[in-house]
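Computed from heavy atoms alone, side chains included, the values below leave out hydrogens, waters and symmetry copies. Protein chains get the first letters and strands the later ones, always in sequence-line order, with residue 1 at the start of each.
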Amino acid sequence: MRTENMSKKRKHESGGGGNVLKIGNKTISLEGYLTKRPKKESENPPPPPSTEAPVEETLAEDQKPLKGNESRKTRKPPVGGDPQLLKIRQALPIWDYQEKIRSILEKKDVLLLVGETGSGKSTQVPQFLFQENWCQKRKAKVKQPGSGKEEEINVGGMIAITQPRRVAATTLAHRVSKEAGTPLSGQSSDGKSKRGPPSKGLVGYSVRFDHRVPQGTKIKFLTEGMLLQELLRDPHLRQYSAIVVDEIHERSVDVDLLSGFLKQIITGDKAGRGGIPLKVVIMSATANVEKIRNFFSVEEEDRAQAAPPGPEASTGSSVEFLQIEGRQFPVETVHTTKPVPDIQEELLKTIFKLHTEEPLQDKHGKNDILAFLTGQEEIEGAQRLIEEYAGTLASNVPKIKVFPLFGQLSMEAQHDAFQPVKVPFTRKIVLATNIAETARLGMESLLAKPISKSSAVQRAGRAGREGPGKCFRLYTEESFDTLQQTDLPEILRTDVLGAILTMKARGIEDVLAFPLMDPPEVESVGKALIHLHMLGALDGHGNITETGRKMVLFPVTAPYARVILAAADPRYNCLLEAIDIIACITAGDDIFLQLRSEEAREDVEVLRKELWRREGDLLTYLTAMQRYAAENADRAVWCRARKMNTRNMRQALNIRKQLRGLALRHGLLAEAPPADPQPFAPTPPDQAELILKCFLKGFALKTALLMPDSSYATSVGKHVVAVHPASVLHGQKKEAVMFLEHVYTQKNYAKKVSAVQAEWVAQAFEGGL
DNA sequence: GAGCACTGC
């Protein structure tokens, strides 16, 4: 049973995979919640593949391409692996389509595959394809760009499968390597890679902070962002024979950009790949794929541009379409008959009606309840009310155990929400934000979004994955009818600054001509171009500069990348400090937890004030990072004493390490900084001034001057902004402030605020700092 | 004195 609530959240479906999920070092079992496999199998998890097995021999046999006229019918199923796993794989809806998929891709370069979550497409499609003839590594001749000399290179041999999120990529890779029966090891960026000779394996993955690509990898899972990064070094994606783009329906900016680059590669002249085509499989969990299909269909004009029409030009370039039929239990969807005046009350009524009327368990499993709410506060409120009311129930009614689930909860608490309740005669109720929707916890679910009808319909279908289900929409059928058909893709909702720089750095001169499924407004592209010019990433002709090329090497937004470059300049010489600050800011939510009560504030006031700096939030972040890194004892204890977000501080340290490494590799740092812990020494005021001037290089537009009436007005546009109460500069008057973020809520608020001098701001605009 | 959620390099 699911209860859903109107919410603006992004939806998401997880990829295939098992019912056990690894997050960092933790293994989270989804059993008893949204179990994907029949009970029997999940109760008897197959043994891990033995590392003693003759892996190399297996590989040699399995990786053999088909010979000449070898019959496909007689070929063994791909990769031995575990026989129990093979049985599960054979039961997947996609299994019966494998010959069809192979035969399509033998003839065509592009396949659009629609299949529900759980159809097995993410795990099986790459395994269906890696032995194909076209998927083997080949020698090819390409002309060198400058000299025109011919050079022999390797093209192809690997399949890339992109995922929107890291957890999905790593989880799927683990799953597929198990199925394939080959170890998933190799170079790990965390320095924990195993000793001894590098192992061989069919499957690898590459995500930020974590790369495991064993020797002989044929199937590589990566995040969309990571493939975009690879595109910088390898514009023709020469190491790949095929790219599988999974979860394209989510329409992230990254997947939209990736689609554009892939379209250019498949419609281009292929000279950069020595004439060897790149196969592309586009996978979507939603059926309304007309736009995607049209986008990848090669129009006559595209083809004419790509190559002069030849006898074979009219075949082989169109998009093949294949829909996988899923298995579905019926889902009863119920709307309210009239608009709900109080959503909280309606939620309670629905939950308790279900609780008293529905059995705790039926033959399909437990009847737990999952409800989606909009935010943490709403969840905490609902939990209080439910528990209060549950206490008044008669003793013959089952007990209730409520599990809240939102991003700010500790990993342990999030983990709890996925465990079956151990107390007998008790129903589990999970109250979640859209965190439960993401592959973060590997669980697919339903969530009504007022903006997307198609996904609401799709989600309702999902309630019937393990057995008949019910879906309660706490709004009327009429409001459902008013929902938009689909979501607005992210690229139309957000700033395109980063997207434009991504294109420019990958050789796109005319960004307006770049193929996109949903091109943003020309005006917003123009604004981004101007902003990039101001940042020094583009020259007067709109061409990428050396500065711009260096900026894209750093995994931060363009303004932060500009700050990093400025900080590396000998005139400023504050790179390590800038990196510390940027790491803290980009690690997620604020590293300082918001304190609600006066009491909580008093508890940590003394310790927090040790970190405060009169210069503002940036220098405060710097102090926090330096003290945290200097901490020799338990860093988690250090965080808790100051009510700081432990998870984000750990993440900040990861980012800091990555940015330092990149700075070193690209010559911004002469030598590696000394290892932690280093003794803390406060940053002197003149150094603080240099740091703030560096940030002005990236954020000159985000400055405001003090007005005679004590308000602040932005330097450009003269909009009134107020310093956010979470800032250390709240309530203070400074002649000018720089803010890295702003939100418009009750007021126009500036966040991440620093005190600067009006003169510095003027200099930043003149570019004369 | 505030307040939506989540993702990526």
Side-chain angles (χ1 to χ4, degrees), chain A residues 5-12 14 162-170 189 206-211 222-233 247 250-258 372-381 405-409 414 432-441 445 447 449-450 487 490-491 493-494 498-499 501-502 505-506 551-558 560-561 564 582-583 586-590 592-598 601 651 654-655 658-659 661-662 722-731 743-751:
Chain A
N5 185 352
M6 294 274 269
S7 158
K8 289 181 195 163
K9 304 312 184 305
R10 279 182 57 188
K11 56 133 202 330
H12 170 184
S14 78
T162 69
Q163 295 294 325
R165 277 165 296 281
R166 304 175 68 228
V167 179
T170 55
S189 68
S206 185
V207 300
R208 190 182 186 184
F209 306 128
D210 199 2
H211 306 268
L222 21 61
T223 46
E224 294 154 357
M226 192 55 91
L227 191 59
L228 281 175
Q229 215 61 17
E230 289 191 357
L231 218 39
L232 271 180
R233 298 191 296 273
E247 313 274 18
E250 289 197 21
R251 297 294 310 278
S252 65
V253 172
D254 282 355
V255 91
D256 278 12
L257 291 173
L258 204 51
F372 286 101
L373 293 88
T374 45
Q376 175 178 343
E377 224 168 309
E378 208 184 339
I379 287 173
E380 287 167 343
L405 187 57
F406 47 83
Q408 288 304 315
L409 278 181
Q414 293 188 26
T433 60
N434 65 331
I435 181 180
E437 285 194 303
T438 69
R440 242 173 103 83
L441 290 163
S445 56
L447 170 64
K449 295 176 308 164
D487 285 315
E490 193 188 6
I491 200 162
R493 286 187 277 116
T494 55
L501 184 57
T502 300
R506 286 156 187 77
M551 282 166 61
V552 296
L553 299 172
F554 291 89
V556 292
T557 60
Y560 287 120
I564 288 176
I582 291 168
T586 59
D589 300 311
D590 204 325
F592 294 102
L593 294 173
Q594 283 282 57
L595 305 174
R596 305 241 164 135
S597 68
E598 191 62 46
R601 255 188 307 279
Q651 169 79 344
N654 265 335
I655 296 172
Q658 186 190 27
L659 295 178
L662 287 167
V723 175
H724 194 274
S727 169
V728 300
L729 292 186
H730 177 69
V743 289
Y744 193 87
T745 47
Q746 299 194 10
K747 280 184 193 173
N748 196 12
Y749 279 113
K751 300 176 95 169

Practice task
Find the distance Y749(A):OH to dG1(B):C1' and express it as a whole number of Å.
Solution key: 7 Å
Handout entry: Selection from dG3(B), dG1(B), dC9(B) that lies nearest to any side-chain heavy atom of P725(A)
Key = dG1(B)
Completion exercise
In whole angstroms, the gap separating C1' of dC9(B) from CG of N654(A) amounts to 14 Å
Practice task
For L231(A) and dG8(B), give me the distance from atom CG to atom P, rounded to whole Å.
Solution key: 20 Å
Handout entry: Sidechain N-carboxylate O distance under 4.0 Å for D256(A), R251(A)
Key = yes
Handout entry: Short side-chain N/O contact to dA2(B) OP1/OP2 from H730(A), under 4.0 Å
Key = no
Exercise for the section: Give V556(A) one of three labels, base, sugar-phosphate or nothing, depending on what nucleic acid heavy atoms sit under 4.0 Å from its own. Expected result: base
Practice task
Check the side chains of R208(A) and Q658(A) for a donor-acceptor pair under 3.5 angstrom, ignoring hydrogens and angles.
Solution key: yes
Practice task
Verify the contact: side-chain N or O of T223(A) to OP1 or OP2 of dG8(B), cut-off strictly under 4.0 Å; return yes or no.
Solution key: no
Practice task
Would you classify E230(A) as touching base, sugar-phosphate or nothing, given that sugar-phosphate means primed atoms plus P, OP1 and OP2, and contacts are heavy atoms under 4.0 Å?
Solution key: nothing
Problem - Spacing of Y744(A) atom OH relative to dG3(B) atom P, expressed in whole Å - result: 11 Å
Practice task
Mind calculating the distance between CG (L501(A)) and C1' (dC9(B)) to the nearest angstrom?
Solution key: 12 Å
Exercise for the section: Figure out the CD/C1' separation between Q651(A) and dC9(B), and round it to whole Å. Expected result: 11 Å
Practice task
Using whole Å, report how far CG of L227(A) lies from P of dT7(B).
Solution key: 21 Å
Problem - Sugar-phosphate, base or nothing in reach of I379(A), heavy atoms under 4.0 Å - result: nothing
Handout entry: salt bridge (Lys or Arg N to Asp or Glu O under 4.0 Å) partners of D254(A), counting only residues at least two apart
Key = none
Practice task
Taking side chain to side chain donor-acceptor pair (under 3.5 Å) as the test, write out the residues that go with E598(A), two or more places apart.
Solution key: R601(A)
Practice task
Identify which nucleotide among dG1(B), dC9(B), dG3(B) has an atom closest to any side-chain atom of T745(A), counting heavy atoms from C-beta outward.
Solution key: dG3(B)
Handout entry: Under 3.5 Å: donor-acceptor pair, side chain of T170(A), backbone of V167(A)
Key = yes
Problem - Q746(A) side chain, from C-beta outward: closest of dC9(B), dG1(B), dA2(B) - result: dA2(B)
Practice task
Check every strand shown and say whether T502(A) touches a base, only sugar-phosphate, or nothing at a heavy-atom separation below 4.0 Å.
Solution key: nothing
Fill in the blank from the handout: Separation of dG1(B) atom P from K751(A) atom NZ, nearest Å, is 17 Å
